[in-house]
Protein chains: 2
Amino acid sequence: MQKNRQTTIIDIAKQLGVSPSTVSRALHNHPSISAETKKNVLALAEKYSYQPNLLALSLLNKRTGIIGIVVPEITSYFFATVISGVQDMVSSAGYKLLICQSNESFEEEKKLLQDMALLRVDGVLISPTFRTKTFDHFDRLKSAGIPLVIFDRDCPHYKADKVLVDSYDGAYQAVEYLIKTGRHNIAHIAGPIAFPTFKQRLDGYLNAHYDNNIPIRSELIVYSDGFSSDYGVDAFVQLIARNKKLDALFAVNDAVAIGAMRVIRENGYRIPEDISVVGFDDESYAQYYFPPLSTVWQPVYELGMLSAKILLDHFASKELGERFRYEILKPELVIRESSISLS
Amino acid sequence: MQKNRQTTIIDIAKQLGVSPSTVSRALHNHPSISAETKKNVLALAEKYSYQPNLLALSLLNKRTGIIGIVVPEITSYFFATVISGVQDMVSSAGYKLLICQSNESFEEEKKLLQDMALLRVDGVLISPTFRTKTFDHFDRLKSAGIPLVIFDRDCPHYKADKVLVDSYDGAYQAVEYLIKTGRHNIAHIAGPIAFPTFKQRLDGYLNAHYDNNIPIRSELIVYSDGFSSDYGVDAFVQLIARNKKLDALFAVNDAVAIGAMRVIRENGYRIPEDISVVGFDDESYAQYYFPPLSTVWQPVYELGMLSAKILLDHFASKELGERFRYEILKPELVIRESSISLS
DNA sequence: CTGTTAGCGCATTCAC
DNA sequence: GTGAATGCGCTAACAG
């Protein structure tokens, strides 16, 4: 492409026969500047559609005005909505947002954080991959003076600002609801439990049983290696094969739920009469599914806003203090027609 | 946060009592450099985990190694997958990807492109909002020497590199298939037709009728103002109210299709026996819907890869020539159980 | 009111 | 082999 040098402050300085600093001042409404020169400068700037070079500014100011966000994937309603919340918050504060996805790859996550450090972003929001077990790459950011906020996915033994959703509570609500509606043989398709969020959902499932004096039957629990619809299919095929009595399903998320529901139907069970189903996430399609899917809604947009807010607070306070914020948001059970009382 | 100056090339130069240039050379495998000093430099660099400052480099080289992509929204399977394709392509070429969403807002789109220009990204991929009717903001990028590739959404009268999917063909295939299966009263829920892609889908619907000698009944066409599931609900409610004979539905996309299907069912029609339904996009949930949704699959990942490739070619050729690339990818009809032959 | 100087971090001349 | 000088685009401190 042609050497399309953008017009710089120097170009217009030369043309006006003044110094670059004068131009700079004119452009910034500096108090001491003659109306005359200011007018001339602005005119030329307009004419050449002058754009300040952010790189030069960033180099000078040691801040880029960019906030980075790393999510495992952007396809899900969950993360996409978090991003919306973050974007609204940071852009209202004049920051730009650099969105990246790790695809659940630890290596990619490290690389992305590395890139962000090189780019000198002002701060980072991250939802780690579920394979992330070491945190050197987080520490490296911090020691470079770049504040970090972890959201949605907890890193139990790592100290940092965190904004999480209480998955345990959501699962507990869902399962207790199933119990109260007379379902006592509730299957659970768990996600990879190495992953704290999924572990918490499992725990919610277990404790809801315990607290309501319903015996837990381990043969009703399937541990999946993933959490897309395919895994839901496989998991429910396993459940069928076990040939146990079963009148409800609590799936680790909606994607898994719809996969399982296909198998449920293919095996001649009715939803919700024979098997009540509850998912998790309230994906955009959940309410339009047939039958509309009961699920657990999470305050996702708020999650994004709050995470971003905490990061912005860091910039204001200038202190990377030892006190870490730890915020837990509450999810809500949404009852639709995929579940129904037995009575 | 503490003044955490990152270690620079100068710091380690001082400490070794050599000049910055020597350090720079050592770090870059420069031929003429003693093994001794090189070793020392590398050791210190390691010790302080030296990171080159990308901003300084970018300022120097007039290239940032960042490619920007602007999409209307990132929640849909479509754009999320495009992004994956783009990401894989550009990162294999050593570029970083700056992802932004315009939320279908023209103002936001302008602002984002402006930001990218200021940041001096090396190139931009964009799928314009459907409200984008003027292209000054595109031209501004080009005149700043930043190449631009438009994907998925056409801007009919604007000259630029473009990578599109043949929506007309996809729609035509879908509707012709419905006709061949004996459906002659096919409704269409159209998206906002100001939007070329949706207009093309409508045209495909119309011409498939024409070519197969099926009369077009305008009362079977609903023009929606949007293309989320909600609009599908509203649109089909309208169709019902019109009380016309109808044995199939071709929806502008899957989201609209599942909204409509809920209404279809609520009104006592069976899918596919009474009404065959075909969507568009092959969203991740389409195959798990009940009944599994017939739809039009698009080579989305390839779309992303190809768009990115074209942009990368620009960098290689150094010519912002007058010849524009224009690539059209073909979609494929995917038949599932939401549609069936009448016979 | 305006020009000069310096420096952000780095790579690349050109000298030695 | 290595150092000194230069400049990418810009702003701020210091002189007038």
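It should be emphasised that the depicted structure is a prediction, and the values quoted were computed from it without experimental measurement.
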Strictly distance-based, threshold 3.5 Å: is any side-chain N or O of [X] a donor or acceptor partner for the main-chain N or O of [Y]?
X	Y	value
Asp154(B)	Pro196(B)	no
Thr37(B)	Ser34(B)	yes
Ser24(B)	Pro20(B)	no

Expressed as a whole number of angstroms, how long is the span from [X]:[atom1] to [N]:[atom2]?
X	N	atom1	atom2	result
Asn61(A)	dA13(D)	CG	C1'	15 Å
Arg63(A)	dC10(D)	CZ	P	17 Å
Ile10(A)	dT5(C)	CD1	C1'	14 Å
Leu59(A)	dC8(D)	CG	P	14 Å
Leu60(A)	dC8(D)	CG	P	15 Å
Leu16(A)	dT2(C)	CG	P	11 Å
Leu27(A)	dG9(D)	CG	C1'	13 Å

*asked:* Between dT4(C) and Ser21(A), counting only base atoms on the nucleotide and side-chain atoms on the residue, is there a donor-acceptor pair under 3.5 Å?
replied: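 Between dT4(C) and Ser21(A), which were checked side chain against base, a qualifying N/O pair under 3.5 Å is present.
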
*At how many degrees, to 10°, do the end axes of the helix from dC1(C)-dG16(D) to dC16(C)-dG1(D) meet when each uses five pairs?*
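Axis-to-axis angle, ends of the helix: 60°.
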
*Starting at the 5' end of DNA chain C, which residue's closest nucleotide do you reach first, His30(B) or Leu57(B)?*
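The answer here is Leu57(B).
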
Which nucleotide, [options], lies nearest any side-chain atom of [X]?
X	options	answer
Asn53(B)	dT2(D), dG9(D), dC10(C)	dC10(C)
Lys62(A)	dG3(C), dA4(D), dC8(C)	dC8(C)
Thr22(B)	dT2(D), dC8(D), dC10(C)	dT2(D)
Ile9(A)	dC10(C), dT2(C), dT11(D)	dT11(D)

Can you pull every protein N or O that's under 3.5 Å from an N or O on nucleotides 14-16 of chain D?
none

_Quick check: closest heavy atoms across Lys159(A) and Phe324(A), and the distance to 0.1 Å?_
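Closest approach of Lys159(A) to Phe324(A), heavy atoms only: CB-CE1, 3.6 Å.
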
*Which part of the nucleic acid, if any, lies within contact of Pro52(B), taking any heavy atom under 4.0 Å across all strands shown: a base, the sugar-phosphate backbone alone, or nothing?*
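Here Pro52(B) touches the backbone only, sparing every base.
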
*Taking everything shown except Lys133(B) itself, do over 12 heavy atoms lie less than 6.0 Å from its NZ?*
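More than 12 within 6.0 Å, yes.
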
*Option among Ile126(B), Asp139(B), Asp161(B) that satisfies the side chain to side chain contact (heavy atoms under 4.5 Å, CB included) test with Leu148(B)*: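 Filter result, single survivor: Ile126(B).
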
